[in-house]
Amino acid sequence: MTVVSNDPIWWPFISSTLFLSYWLVAAGVVMVYDWVLTLGQEIELIWRQHWSLMSILYIVIRYIGLPYSVCELERLILIRGCSLIGYSGNIVYYAICGTNVAVTAMLGIIIIARLHAMYQRSRIMLIILVVVFLAVNIACGVIAAIGLKDIVAEELILYGMYTCDYGYKDNVLILFAMIWMLNIVWEVLALSLSVCIAVKHFRLTIGDCFRVLIESHVLYFASFVCVSCFQLVYLSPQLVNSYSTGVLLDGLFEVFLLVQMFVLGPRLILSVREYHAKLVADSDTETSMASIVFQERVHVGKCLPSVLHGEE
């Protein structure tokens, strides 16, 4: 259905749409800035290393972020005299939701690999993680598919400018909140397991390895908590229907979501490889040390090969 109007009542909608597009551009700038900062590390630690599952996941997650943000911007931006956006609204929205599900699953695989390595490649722990991971992600996929059936993109032509508005049935927001709740359960479980094993090894000589893993995981989890809070706030009809408050929360949600998935997500891999490369470099410069010192260095280095093999 196409709505054509020059009624001033639409100005709050137009203003909020433009404001949200600025947030998306800012999030895209953050992603590009982080990519520029880590490009040297990426070339050295990813492209020049032996290819593995973790390498592929890093490349996919890192480089799908910019097209994702462009699609997000494309479904909102106001273009004068072009109706392409209106006709492709549903396709773009489905692609965005599908990407969210796929990237979330890939990040879950990375976390499973890290936890498997931290627990000394325990088969029992791996089985538990895989079972919980599959249960959560299959449930999220089914719920997302059901919710998408009740979302319809509506083409708007406002003052000669084309954009899309999306209509939701009452149960859709609840379904999407259920997805985030399931993901919260998974993330809390992963963080709890990480903290437990890190505390256990904190006073041992391999503590530095776990410190690196925990630091990146806690930062990733903090961003996930922010995204989840903004998402769950949308259960409030007053906030959803308020252009001023709703667009601010929506903008913050988009920024934190893009940072969590496409900035902190790849860093879960990059941080471990960076620490391992530094450890190897330090070991190479100390080959002339006394044998007792060398043995201590080898003991410290046992954690990272386990982590790397667990990841790859």
Side-chain angles (χ1 to χ4, degrees), residues 24-74 92 94-118 126 129-130 133-134 136-137 140-141 183 186-187 190 194 209 212-213 215-217 219-221 223-224 227 254-281 304-312:
L24 290 172
V25 171
V29 170
V30 171
M31 286 192 300
V32 173
Y33 178 72
D34 180 75
W35 175 75
V36 172
L37 286 180
T38 60
L39 181 59
Q41 295 173 313
E42 178 183 313
I43 294 174
E44 185 66 29
L45 303 175
I46 303 294
W47 293 100
R48 293 182 178 178
Q49 301 299 320
H50 175 70
W51 281 86
S52 63
L53 175 61
M54 290 300 111
S55 301
I56 295 173
L57 290 177
Y58 177 91
I59 297 298
V60 172
I61 295 174
R62 170 64 86 181
Y63 288 95
I64 203 175
L66 192 57
Y68 177 92
S69 61
V70 171
C71 287
E72 283 274 29
L73 189 61
E74 192 267 350
V92 171
Y94 293 159
I96 291 171
C97 292
T99 302
N100 282 335
V101 174
V103 171
T104 300
M106 287 187 282
L107 292 173
I109 294 173
I110 295 173
I111 291 175
I112 288 176
R114 289 162 61 96
L115 288 172
H116 184 216
M118 292 173 73
L126 178 62
L129 291 171
V130 170
F133 170 79
L134 290 177
V136 168
N137 281 270
C140 289
N183 284 324
W186 164 254
E187 293 291 346
S194 298
C209 167
V212 171
L213 292 170
E215 284 178 354
S216 58
H217 199 142
L219 188 59
Y220 170 83
F221 180 79
S223 178
F224 175 83
V227 173
E254 293 293 345
V255 171
F256 278 102
L257 178 64
L258 293 176
V259 169
Q260 178 232 334
M261 292 197 302
F262 305 118
V263 175
L264 299 179
R267 283 180 176 268
L268 292 174
I269 297 175
L270 205 61
S271 60
V272 175
R273 294 198 173 188
E274 180 183 12
Y275 179 73
H276 178 257
K278 180 181 178 181
L279 189 64
V280 171
L304 259 294
S306 174
V307 174
L308 291 174
H309 290 150
E311 287 191 337
E312 304 188 44

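Throughout, numbering of the chain's residues begins at 1 and tracks the sequence. Values below: every heavy atom of this structure, side chains too, minus hydrogens, waters and symmetry copies.
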Start with the C-alpha distance between M261 and S223, add both sets of side-chain angles, then the distance that settles side chain to side chain contact (heavy atoms under 4.5 Å, CB included), and finish with yes or no.
CA-CA 9 Å; M261 292 197 302; S223 178; over 6 Å; no
Pair F133, I111 - check side chain to side chain contact (heavy atoms under 4.5 Å, CB included), show working.
CA-CA 10 Å; F133 170 79; I111 291 175; over 6 Å; no
Short side-chain donor-acceptor distance under 3.5 Å, R114 and S216:
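Note: S216 and R114 side chains meet the donor-acceptor criterion.
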With distance as the sole criterion, is a donor-acceptor pair present between the side chains of R267 and T38 under 3.5 Å?
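No, no side-chain donor-acceptor pair sits under 3.5 Å.
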Can you tell me how far [atom2] of [Y] sits from [atom1] of [X], rounded to the nearest 0.5 angstrom?
X	Y	atom1	atom2	answer
M118	H217	CE	NE2	8.5 Å
S52	I269	OG	CD1	8.0 Å
L39	D34	CG	CG	11.0 Å
N100	N183	CG	CG	10.0 Å
Y63	M31	OH	CE	12.5 Å

Looking at [X] and [Y], what are the two nearest heavy atoms and their distance?
X	Y	answer
L107	Q260	CD1-NE2, 4.3 Å
I112	W186	CG1-CH2, 3.6 Å
I46	R273	CD1-NH1, 3.5 Å
T99	A95	OG1-O, 2.7 Å

Side chain proximity check, [X] to [Y], heavy atoms < 4.5 angstrom:
X	Y	value
L115	L126	no
E72	L258	no
V263	W35	no
L24	V255	no
L264	F224	no
Y58	I110	no
V101	C140	no
R48	I43	yes

Would you check if the side chain of R62 reaches a backbone N or O of P266 as a donor-acceptor pair within less than 3.5 Å?
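Such a contact is absent between R62 side chain and P266 backbone.
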Just checking Y33: does its OH atom have more than 12 heavy atoms from other residues, nucleotides or ligands closer to it than 6.0 angstrom?
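Open.
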Determine, stepwise, if the pair M54 / I109 fulfils side chain to side chain contact (heavy atoms under 4.5 Å, CB included).
CA-CA 9 Å; M54 290 300 111; I109 294 173; 4.3 Å; yes
Would you please test Q49 and S55 for side chain to side chain contact (heavy atoms under 4.5 Å, CB included) and show each step?
CA-CA 9 Å; Q49 301 299 320; S55 301; 5.7 Å; no
